[in-house]
Amino acid sequence: MNAGDTAWVLASAALVLLMTPGLAFFYGGMTRAKSVLNMMMMSFGAIALVGVLWVLFGYSMSFGTDAFGGLVGNLAKFGLHGVLSTGKDMPLTGTIPELAFVGFQAVFAIITVALISGSIADRAKFGSWMVFAALFSVLVYFPVAHWVFDANKDASGNFIGGWLNQLGVIDFAGGTAVHINAGAAGLALALVLGKRNGFGKDPNHRPHNLPFVMLGAGLLWFGWFGFNAGSALAANGTAAFAWINTLVAPCAATLGWLIVEKIRDGHATSLGAASGAVAGLVAITPACAAVSPLWAIILGVLAGAVCALAVGLKYRFGYDDSLDVVGVHMVGGIVGTLFIGLAASPGAPSAGTGLFYGGGFDLLGKQALGAFTVLGYSFVVSLLIGLAIKATIGFRVTTEAEEAGIDIAIHAETAYSSAASGGNGFHPLGGKAASEEISRFNADDLLTPSTKAGKVSS
Amino acid sequence: MKLITAIVRPEKLDSIREGLESYGVQGLTVSSASGYGQQRGYTEVYRGAEYSVDLLPKARIEVLATDEQTDDILDVIITTANTGRAGDGKVWTVDVHEAIRVRTGERGAAAI
């Protein structure tokens, strides 16, 4: 075991966990004031749920011994069985305790699920979201993480990991497993839930708090250094290589997005700067150990410009991917994953040879296979899960609840005091009183304060 | 007596109030308002999607004045609220039949 490597990976894991609350701010600021809490709760819900699932059996399904042709791990490490020793017999992943690797990969599973929630802002039942999050984790993320990230070999050196990993698809930190995966699932859910009332018309759908968005983007970027540089699983040159690319690609992407905005809309916007940074981070994620910083700049500009154009697709095709999970994560992930096939340098840590370095179309083909296999699998399975939830417990709140605000309707809370003024009493909740209080405190009261006042006076 | 109502830019509220105080106005009522005039609203752009915002934030000022004061007060408001750009607002007056100071019961000009 190497203490320096372990320290870096544990710190990186904490950095990556911070990305999900950062995402909550990033997404929360883009929603309306009356649904910001629900948006943030979907991220916090993902942390709580996926964290538990991961320790129970998610790690085993993703990184346990391969159970079936590189498609999924077995359940031999249920409850982290066999990896808990901290003594001399402590199992290692490379030079770090396997437990540190368990933690580092846990936060990847968490943020992948949280990313999806951006496509269903303002209108999803929280319970249905949690059911989706659980099923998506088990049926999509855990297997796909196995396909992409598991590079295990048995005692005699035979490969027993995931099939995409064995094929030689390069995805250093999760362009396919995290971003294309989440983006495709987001597209599926946007189709299952349908458009928000007033989508594309109601001016009140504009972001309610852009400083939140900027704060969230900043926290995401900060955490992303752990995401990418931590994926080296060591405090070494590869980590530094990935770190530099994680700095420069988002910088370039921010410029790319802003230039497109300035030309197309006449203004360089703060939402554009935040979005551009995230688009660049998404694109460099798979490529951060495969391309030189000069190529990372080109990738960044490309991703910023392409994603800035891609977010308009939802208006053209009429699906309400509310916060652009598809336009930023799926498209950005595809751009970054395919770019490896073009610009991967044999001298870089990932040691692939792209088209520009004389590698021909071999790597590009593999990258395309990886990207579109994950995209297709995630989309189809997520669509089926979403439709099953819609047909059974329902996925969408009522029109009345959506208009009144999903925060008050689902969570019995409001983010800002101005959203619910007045009131006629305070009662500490508990037991029977709690359910009575919540049923009495319904959104209709907020909609018609004048009617309510009339009743009191008459 | 007149009731003077002015719909003005919120950012001009302080200078209007200073102007009215130096003229000698004793009290006024201010409330938040939103609306639009000839210039309509403006356009915001989010990720390439344009939202037109028609209802702009405005401040509504109400001042009670005697008939003699009215023209002067209107001048003060118009001068201090003016920027020369569209959206400066509007001022109007209406006749007031009676004004009563609640605390003392004084009526008419004495209540102003």
Side-chain angles (χ1 to χ4, degrees), chain A residues 26-27 29-32 118 121 196 198-210 213 217 257-276 278-279 304-316 320-328 331 418, chain B residues 3 5-17 27-62 81 83-90 92 94 96-103 105:
Chain A
F26 184 67
Y27 279 172
M30 278 190 267
T31 61
R32 289 173 288 177
R196 287 166 294 172
F199 168 67
K201 286 175 281 192
D202 186 351
N204 290 321
H205 280 202
R206 66 195 195 278
H208 91 284
N209 192 329
L210 286 173
V213 177
W257 190 301
L258 292 179
I259 289 167
V260 167
E261 277 197 335
K262 182 64 185 170
I263 294 169
R264 184 184 59 185
D265 313 324
H267 305 279
T269 69
S270 60
L271 181 60
S275 309
V278 173
V306 168
C307 291
L309 296 170
V311 294
L313 294 176
K314 63 182 179 183
Y315 299 107
R316 181 167 302 175
D320 185 4
D321 168 26
S322 313
L323 310 182
D324 299 312
V325 185
V326 178
V328 175
V331 172
S418 60
Chain B
L3 172 65
T5 304
I7 306 289
V8 297
R9 296 178 184 278
E11 65 269 24
K12 297 300 275 183
L13 187 58
D14 281 343
S15 51
I16 295 168
R17 202 177 70 182
L28 48 79
T29 304
V30 176
S31 48
S32 298
S34 55
Y36 59 84
Q38 289 174 337
Q39 89 284 3
R40 305 290 292 192
Y42 58 96
T43 301
E44 294 183 0
V45 184
Y46 296 100
R47 282 183 173 166
E50 288 191 350
Y51 293 94
S52 64
V53 182
D54 275 347
L55 296 175
L56 305 177
K58 296 288 173 189
R60 177 190 181 103
I61 303 172
E62 288 165 307
T83 67
R85 289 177 285 126
D88 275 354
K90 243 175 210 62
W92 62 85
V94 291
V96 174
H97 295 299
E98 186 62 290
I100 307 169
R101 191 186 305 281
V102 174
R103 176 170 55 86

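Keep in mind the model is a prediction, meaning the values are calculated, not measured. Just so it is clear: chains get the letters A, B, ... in the order the sequence lines come, proteins before strands, and each one is counted from 1.
- Residue contact with chain B, scored on non-hydrogen atoms closer than 4.5 Å, is absent for N204(A).
- Side-chain contact check for R47(B) and S275(A): at least one donor-acceptor pair (N or O, by modelled atom type) lies under 3.5 Å.
- Comparing T269(A), L210(A), L271(A) by heavy-atom pairs within less than 4.5 Å of chain B, the highest count is held by L271(A).
- Judged purely by atom type and a 3.5 angstrom limit, R196(A) has no side-chain atom pairing as donor or acceptor with the backbone of H205(A).
- Residue contact with chain B, scored on non-hydrogen atoms closer than 4.5 Å, is absent for L309(A).
- For the pair L13(B)/V30(B), a side-chain contact is recorded, criterion being any heavy-atom separation below 4.5 Å from C-beta on.
- Proximity to chain B (any heavy atom under 4.5 Å) is shown, for R206(A), by both the backbone and the side chain.
- Looking at V53(B), the atoms closer than 4.5 Å to chain A (heavy atoms on both sides) all sit in the side chain, from C-beta outward.
- Heavy-atom pairs under 4.5 Å with chain B peak, among G327(A), S270(A), P207(A), G266(A), at P207(A).
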* How far apart are the C-alpha atoms of K314(A) and D324(A), what are their side-chain angles, what is the distance that settles it, and do they pass the side-chain contact (heavy atoms from CB on, under 4.5 Å) test? -> CA-CA 8 Å; K314(A) 63 182 179 183; D324(A) 299 312; 3.1 Å; yes
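- E44(B) touches chain A through its side chain: at least one heavy atom from C-beta onward sits under 4.5 Å away, while N, CA, C and O do not.
- Between the side chains of T43(B) and E50(B), no donor N or O sits under 3.5 Å from an acceptor N or O.
- Side-chain atoms of L3(B) and E62(B), non-hydrogen and from C-beta on, do get closer than 4.5 Å to each other.
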